[in-house]
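Single-structure report; data block below.
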Amino acid sequence: MKESPVTHPPHHPLQAVLFDMDGTLVETEELWWEAVAEVAAGLGHVLGDADVTEVLGRAVEHTAAHLATTTGTATGADELAAVLHREFAERVRARTVPRPGALELLDELARHDIPIALVSASPREVVDVVLAVLGPERFAVSLTADDTPRTKPAPDPYLAAARALGVDPGACVAVEDTPTGVASAEAAGCRVLAVPSLAPIAPGAGRAVLGSLERADVSLLRALVAQPPSFLVPAFTSRRTRVGEPMRATVAGLLRGAPVTYAKAAGPGWARVSADGTVTGTPDVPGDAEVAVTATDAEGRSATVTVRVPVVAAGEPMVRHLRVMSWNLWLGGTRVDDHRDKQLRVLLDADVDVVGLQETRTHSAKELAEALGWEHHQAGDNLGVISRYPIVSRHGLPASPFYGGLGATVRLDEGCDVTLWSAHLNHTPYGPYDALHDRQPVEVLVEHEAASGRLDQIRDILHDMAGDLAARDTVPVVLVGDFNVPSHLDWTAEAAPLRGGYGPVPWPVTLAAEAAGLRDSYREAHPDPVRDPGTTWSPVNPEPEPQDRIDYVLYAGSGLRVLDSTTLVTGEPRPEPHVAGNAWPSDHAAVVTTFALR
């Protein structure tokens, strides 16, 4: 029996959904990159990060002009555009595939009688090829690069699509996969659902970000239009500042809901709030200042967040206590719904200053830092450092895409720096399995550690840190990370009843770190491994999975003294595989250590 259309109430504000094509509905963004890369290679140019914003989401003519300028070729931009057209069209005809969830979402919108438009920066000849794959009958309107004087990132394509449908752009959701497309849609006044393909896109006001269209539905799209503004947290603490010195903080990355204008609602006279949510000013008295910022949308709905600004007196040290976190994000957090928002809440509620991240999925460090108004260092696919305070130098390059170490020197105050390294070591073979499942003798456990590659990895990281460790009494050093191995400080004779009778076990990775002069902050704060096991693996893999401490905050240097160290998990995480709704977006507990600066 044919399914009857589902209609929504006439007062519902969602009037249409406007889809980008390349990389959003079909897997063509990589095909476009391949086509441009081939043409660029013929001109002696290798595409890199600097080319991303000139290629992804751009019209063929724009990219052709970029290649002509970058390579200095005698070939004209028009001729290059024709070559790019040909190379891309050939790939599209041969390899076009709908993205996961695309057809299902289009069908759901049709059942709800919600008009759909296709808004592409590709030329008509390419769009028609893709429409034949998707079904041209699905779309009430299709706009191409040939149909407006300007294309993305200008708002013209989305404005033209809304006019053609006879709807208000502010009552439309645009579905995009590139920052260029997002800029175009938001400039037109649309709400945005971003499903990034190759380049990262951070959440923002009037914008939601998903990893796949499989997780999108009509309810989400309606909520994007109807949702009033709200902040992820009611209040947060900014970077410390000093009397007579300028400060800056931002709240825009913490807002969800409709596009807004920001204004100062309350606070000291020196504080200013710009329309984009930036808080600035020069404090004139010490103490904790509070600046209330209100975000108001076009319908007059508002939300308020309070920015706490710690202000120290002139001549006083800027930072006396430093809170350092180690956190494995678990594949960027993607196993958990709304993971980015949950990560931000954790960081703000923990009030940490510097965080070493693992399993960042390439973009997490950048996106978290931008939302917080912090700084970041990202290298490889899965390591990063984010900091509330300025990063003045970056160190290390992971030896593999997934494992290794990197570092960043953070300036807490003039003449007061600290260097933090984040490390991630190989996960297999896992020592507790060898011990508790296979009952291997201690000497075999140690042999397997060497075979795992972890010992070589930590030695390589310590080698890269050698200069920092040598200067540790001038600039303190912190090494954090997911080592995927227990500590010799935990597997002791006294703790043997907790470890299946094993103990002591001289786990070589933590012994190597100790031999390099690094001390374990958690064990300094909690010397008894029986009373305080400090388990970090795993809040979502409970027993019979062996529970152990495999995440660390280690440190070296006379300038740091441990005040406290704790493991951190929020809420009551449900175990695998029922993790999507967890408040805690990771399979590891985090470790947070508070240091006093001497």
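Every heavy atom of this structure was used, including side-chain atoms; hydrogens, water molecules and symmetry mates were not.
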Do side-chain atoms of Q343 reach the backbone of L368 as a donor and acceptor pair under 3.5 angstrom?
no
Q457 and R454 side chains, donor-acceptor separation under 3.5 Å
no
Chi angles and distances behind the side-chain contact (heavy atoms from CB on, under 4.5 Å) call for D417, V410:
CA-CA 6 Å; D417 294 349; V410 175; over 6 Å; no
Does any non-hydrogen side-chain atom of E54 lie less than 4.5 Å from one of T63?
no
Salt bridge check: are K342 and D338 linked by an N-O gap of less than 4.0 Å?
no
Residue pair L134, F139: steps toward the side-chain contact (heavy atoms from CB on, under 4.5 Å) verdict
CA-CA 9 Å; L134 295 173; F139 302 91; 4.1 Å; yes
NZ/NE/NH1/NH2 to OD/OE distance under 4.0 Å, R150 and D156:
yes
Check this for me, if you would: do R124 and D147 make a salt bridge, where the nitrogen-to-carboxylate-oxygen distance has to be below 4.0 angstrom?
yes
Distance only, no hydrogens: is a donor on one side chain within 3.5 Å (strictly under) of an acceptor on the other, for W327 and D482?
no
Using only heavy-atom distances, determine whether the side chains of T73 and T75 contain a donor-acceptor pair under 3.5 Å.
yes
Taking C-beta and beyond as the side chain, do L329 and S586 meet within less than 4.5 Å on heavy atoms?
no
Should R388 and V354 count as side-chain neighbours, where that means a heavy-atom distance under 4.5 Å?
no
Side chain K366, main chain H377, donor-acceptor under 3.5 Å:
no
Look at the side chain of S274 and the backbone N and O of T278, then say whether any donor-acceptor pair between them is shorter than 3.5 Å.
yes
E359 side chain to L331 main-chain N or O, any donor-acceptor pair under 3.5 Å?
yes
Check: E176 side chain, D20 main-chain N or O, donor-acceptor pair, under 3.5 Å
no
Using a strict cut-off of less than 4.0 Å between a Lys/Arg side-chain nitrogen and an Asp/Glu carboxylate oxygen, indicate whether R215 and D337 qualify as a salt bridge.
yes
Is a salt bridge present between R411 and E375, judged by a nitrogen-to-oxygen distance below 4.0 Å?
no
Could you give me the CA-CA distance, side-chain angles and deciding distance for Y262 and V279, then say whether side-chain contact (heavy atoms from CB on, under 4.5 Å) is met?
CA-CA 10 Å; Y262 298 91; V279 181; over 6 Å; no
Using atom types as modelled and distance alone, determine if a side-chain donor or acceptor of N426 lies under 3.5 Å from a backbone N or O of S452.
yes
Do the side chains of D107 and R111 get close enough for a salt bridge, i.e. N-O under 4.0 angstrom?
no
If you define the side chain from C-beta out and look only at heavy atoms, does anything of L357 sit under 4.5 Å from V385?
no
Is it true that R99 and E214 have a side-chain N and a carboxylate O under 4.0 angstrom from each other?
no
For D587, is there an ion pair with R335 - N to carboxylate O distance below 4.0 angstrom?
no
Judged by modelled atom types alone, do T362 and Q378 share a side-chain donor-acceptor pair under 3.5 Å?
no
Establish, from distance only, whether the side-chain atoms of H395 and D468 form a donor-acceptor pair under 3.5 Å.
no
In terms of side-chain geometry, is the basic nitrogen of R361 or D381 positioned less than 4.0 Å from the acidic oxygen of its partner?
no
